[in-house]
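Quick note on labels: first sequence line is chain A, next is B, and so on, each numbered from 1. The basis for the numbers below is simple: all heavy atoms, side chains too, and nothing from hydrogens, waters or symmetry mates.
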Amino acid sequence: MNDIFRKNAAEALTEAIAKAYPDKIEDICLAVKTNTQELADFIYNKLESPKDAKNGDYAFPTFILAKPLRNKPPEIAGNILEHLDKTVFTQTGPYLNMKISTQDAAEEVLSNIFSRQNNFGNEILDESKTIVIDFSSPNIAKPFGIGHLRSTAIGNSLYRLFEKLGYNVVGINHLGDWGTQFGKMIAAYKKWGDDEKLKVAPIDHLFDLYVKFHKEAETDQTLESEGREWFKKLEEGNQEAAELWQIFKDYSLQEFQRVYDLLGVHFDYYTGESFYNDKMDGVIERLQKAGLTKESEGALIVDLEEQGMNPCLLKKTDGATLYATRDLAGILYRHGAYKFDKALYVVGMDQQEHFKQVFKVIELLGEDFAKDLIHVSFGFIRFKDQAMSTRKGNIVFLNDVIKTAIEKVTNIIKEKNPNLPDLEKTAQQVAVGAIVFADLSVSKHKDVNFDWDEVLNFEGATGPYLQYTHARLSSLVHKYGLDISGDANFSFYNSPEEKALIMQLHKFGQTIRLAAGKYEPNIIAAYLLELAAVFNRFYQRKDNDGKLVKIISEDNPEETKARMLLVASVRIVMKEGLRLMGIEAPEEM
RNA sequence: GCGCCCAUAGCUCAAUUGGAUAGAGCGUCUGGCUACGGACCAGAAGGCUGGGGGUUCAAAUCCUCCUGGGCGUACCA
């Protein structure tokens, strides 16, 4: 029961129910499958917030009591109401509504924010817990496409959310730096590669080779096997292969680093697939000892037929390993190294079967932490009507998207705020904010339609809208100039707009928990949009004559003081919320 | 064929996990700048929640069948 208001409501209701129906409590508990001690918890969880603010802040639907009490919900509500404080509770039909006074809410919420600042919403765990998050994980020697943004943005946000909830978070970039594709790249480079081009524009050149290889492979059957051979050599330590691999990897990492810097993404480890190169034999051995392996069609597999799945492939006919092998090694290694309580894999939905298999194999090994392995899957980014395919060269580069967005933002700023001091930096922050927000504002299990116009539109439900609101808040604080204090007179908060703002701020903590619990950053996005909307309504509210009610009023210093506390609180939460999404909050824009 | 996911306003998405009249943004139309920042705000129009059946006091949400789309379905990752 984290929400103090809600807790009060639940306890008052529980008590009132006990008074109204003293000899029916057991029947009620029986009907809702709980016990007397936990009845308050049950009610706590049943409380809703009414859609219409005039119905109060918390509502208890009495339908669930109808059966054990053999009565109509509205009558039940009426009976319970008799034992409640009628200045706080009201009844509308079957609902019992509780209204928090704006003053009480302000005192609780605003002083909390004022004293904790950006730590507002933080939690401290009773015992330390570690969560490993595997995210981004791009393929080396492939360009960083807009498709890779999802894993990066979601993972980065989850990293920050869990950190805020008190977890010890380990962020891992499981680079795709091993596998058959490298054989293909080496083969392609040896055939068509150009040292000069590689030096000048490494990523472009590697990308061209990648596309060319797959195009040629459609007609030339020998290419695929050539690629496989080169990978085999690479795994066996062939020097020429190893050197080329290192070059590809170095160039790609440089490129990725630029993107990560731009996005403000941090990893604790860059342990990619090649890191497990020397750990796979041990894994295979362990699986063999456990009697899980089997040879089939010349390959080494773990048969999962009994589990209704396709076999998990450990070794190809030619003896080379597969990514399942490396993921298994990764899981076992991470569990040993970090003793995680949970391990998240922020990887696209198309790999669902793969993770099901791999997690099942861990379970078959008798490791009970298999239940702590979670595939946080998400839908694709779709480009217009066609799916994006790196192999066909049909890809939108994240760099190009960012570059275009920066240009557009720069033009808008030049027009709207020509004297902005740090134009370049701000334009970058806003551009990245727009792109990241566009990605994170869609529920992760849905495909995202990538639409240039939409990503570059900065009006409405967008990152720049939130940033703009933050800039406005900051501007107010600067204009006010005086110190903002936590002991304002809360009785000045008398408008519905102020009440709505305070209650929205109050929801920050539970929103973070919800978002983290569901691995859904878009819940934060929705929360911030609502916060901004509620604030902007407050900011532009008019009196009965249609005149703007300004926040800063020289005639009413005490009232201004109270309002500025609210403004400062919203600003703190907005900035922190954006941070949780991996978005910067410039003071001016 | 089998498995998983998706379908809500013209478009892009929400909906407190089963609750009160399904909400936002874009686009369209109307209004608000003698501005504490108009990347904003107020209002209007726009819905058989893909379709049928079922469970329930209550279904966009749960079950079932169907339609349409996406992804996966052992030697790519």
Side-chain angles (χ1 to χ4, degrees), chain A residues 46-52 55 59 61 63-64 66-67 72-73 92-95 97 137 139 142 176 178-181 184 224 227-228 273 296-301 304 308-318 320 322-324 326-327 347-354 356-357 377 379-380 382 387 391 409 412-413 416-417 430 438 441-443 445-449 451 453-454 457-462 464-465 467-469 471-472 474-476 478-480 507 510-511 514 518 522-523 525-526 529-530 532-533 536-537 539-542 546 548 550-553 560 567 588-589:
Chain A
K46 272 289 166 193
L47 291 179
E48 335 173 334
S49 32
K51 285 176 187 160
D52 194 334
N55 285 328
F63 305 102
I64 27 169
K67 211 168 262 179
K72 289 176 191 158
T92 45
Y95 289 91
N97 297 318
S137 309
N139 284 315
K142 277 201 215 175
W178 206 248
T180 312
Q181 70 207 357
K184 293 180 183 176
E224 291 278 351
R228 277 194 292 272
E273 295 190 47
S296 167
E297 297 173 30
L300 188 68
I301 67 163
L304 297 172
M309 283 182 243
N310 287 309
C312 180
L313 267 87
L314 302 172
K315 270 190 174 178
K316 300 196 277 190
T317 321
D318 66 5
L322 285 132
Y323 74 129
R326 295 186 280 278
D327 267 337
V347 182
M349 223 157 47
D350 52 335
Q351 293 193 35
Q352 190 179 70
E353 169 112 8
H354 161 71
K356 255 194 188 165
Q357 293 173 336
S377 70
F380 290 108
R382 213 160 281 290
R391 296 189 176 189
V409 172
I412 295 176
I413 294 178
K416 300 195 178 197
N417 197 356
V430 174
S441 59
V442 176
S443 171
H445 55 270
K446 287 197 180 189
D447 288 354
V448 173
N449 293 303
D451 182 342
D453 294 339
E454 214 154 301
N457 175 25
F458 308 133
E459 289 173 14
T462 63
Y465 168 56
Q467 290 171 317
Y468 176 73
T469 303
R472 243 182 188 175
S474 302
S475 173
L476 278 171
H478 292 138
K479 186 187 173 193
Y480 180 59
K507 287 179 189 149
Q510 66 208 52
T511 304
L514 186 66
K518 291 173 69 173
N522 91 305
I523 291 175
L529 285 174
E530 182 62 19
N536 282 319
R537 237 166 272 156
Y539 180 81
Q540 298 199 33
R541 78 187 198 280
K542 311 223 163 106
L548 186 72
K550 291 201 174 184
I551 289 170
I552 297 173
S553 152
T560 301
V567 166
E588 293 177 77
M589 61 187 269

Distance between [atom1] atoms of [N] and [M] (Å, rounded):
N     : M     : atom1 : value
B/U16 : B/A35 : C1'   : 37 Å
B/U30 : B/A45 : P     : 15 Å
B/U8  : B/A15 : P     : 14 Å
B/A14 : B/A60 : C1'   : 11 Å
B/G50 : B/G10 : P     : 13 Å
B/U49 : B/C2  : C1'   : 29 Å
B/C29 : B/C36 : C1'   : 31 Å
B/C62 : B/U55 : C1'   : 8 Å

From [atom1] of [X] over to [atom2] of [N], roughly how many Å is that when rounded to an integer?
X        : N     : atom1 : atom2 : value
A/Gln467 : B/A39 : CD    : C1'   : 10 Å
A/Glu530 : B/A24 : CD    : C1'   : 9 Å
A/Leu529 : B/A15 : CG    : C1'   : 14 Å
A/Asp52  : B/G19 : CG    : P     : 17 Å
A/Lys51  : B/G19 : NZ    : P     : 8 Å
A/Asp350 : B/G70 : CG    : P     : 15 Å
A/Met349 : B/G70 : CE    : C1'   : 7 Å
A/Trp178 : B/A77 : CH2   : P     : 12 Å

Looking only at heavy atoms, which two atoms of [X] and [Y] are closest? And how far apart?
X        : Y        : answer
A/Glu297 : A/Thr317 : O-OG1, 4.0 Å
A/Ser553 : A/Thr560 : O-OG1, 2.8 Å
A/Leu476 : A/Ile552 : O-CD1, 3.8 Å
A/Phe63  : A/Pro94  : CZ-CG, 3.6 Å

Short question: side chain of [X], backbone of [Y] - any donor-acceptor pair under 3.5 Å?
X        : Y        : answer
A/Glu273 : A/Gly179 : no
A/Asn97  : A/Ala59  : no
A/Ser475 : A/Ala471 : no
A/Asp447 : A/Phe380 : yes
A/Gln181 : A/Gly176 : yes

Side chain of [X], heavy atoms from C-beta onward: which of [options] has the nearest atom to it?
X        : options             : result
A/Ser49  : B/A20, B/U16, B/G37 : B/U16
A/Lys479 : B/C36, B/A77, B/G19 : B/C36
A/Asn522 : B/C76, B/A14, B/C36 : B/A14
A/Phe63  : B/A39, B/G19, B/U12 : B/G19
A/Phe380 : B/G37, B/C71, B/A74 : B/C71
A/Ile551 : B/A77, B/C36, B/G37 : B/C36
A/Leu313 : B/A74, B/G19, B/A14 : B/A74
A/Lys67  : B/C13, B/C57, B/A39 : B/C57
A/Lys356 : B/C76, B/G3, B/C36  : B/G3
A/Glu353 : B/G72, B/A77, B/A20 : B/G72

State the pairing partner of [N]; accept Watson-Crick or G-U wobble contacts with both distances under 3.5 Å, and report none otherwise.
N     : answer
B/G38 : none
B/U61 : none
B/G1  : B/U73
B/A24 : B/U12

Check this one for me: any side-chain N or O of [X] less than 4.0 Å away from OP1 or OP2 of [N]?
X        : N     : value
A/Lys550 : B/C36 : yes
A/Lys446 : B/A7  : yes
A/Ser475 : B/G37 : yes

At 4.0 Å (heavy atoms only), tell me whether [X] reaches a base, stays on the sugar-phosphate, or touches nothing.
X        : result
A/Val430 : base
A/Ala526 : nothing
A/Ala471 : base
A/Asn97  : base
A/Gly179 : sugar-phosphate
A/Glu48  : base
A/Ala59  : base
A/Asn55  : base

From CA spacing to verdict: side chain to side chain donor-acceptor pair (under 3.5 Å), A/Tyr468, A/Asn536:
CA-CA 11 Å; A/Tyr468 176 73; A/Asn536 282 319; over 6 Å; no
Do NZ/NE/NH1/NH2 and the carboxylate oxygens of A/Lys184 and A/Glu224 come within less than 4.0 Å?
yes
Please encode protein proximity along nucleotides 40-45 of chain B as a string of B, S and -, counting only heavy-atom distances under 4.0 Å.
BSS---
Please evaluate the base of B/A14 for a donor-acceptor partner in the side chain of A/Ser443 within a cut-off of under 3.5 Å?
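Such a pair does not exist between side chain and base.
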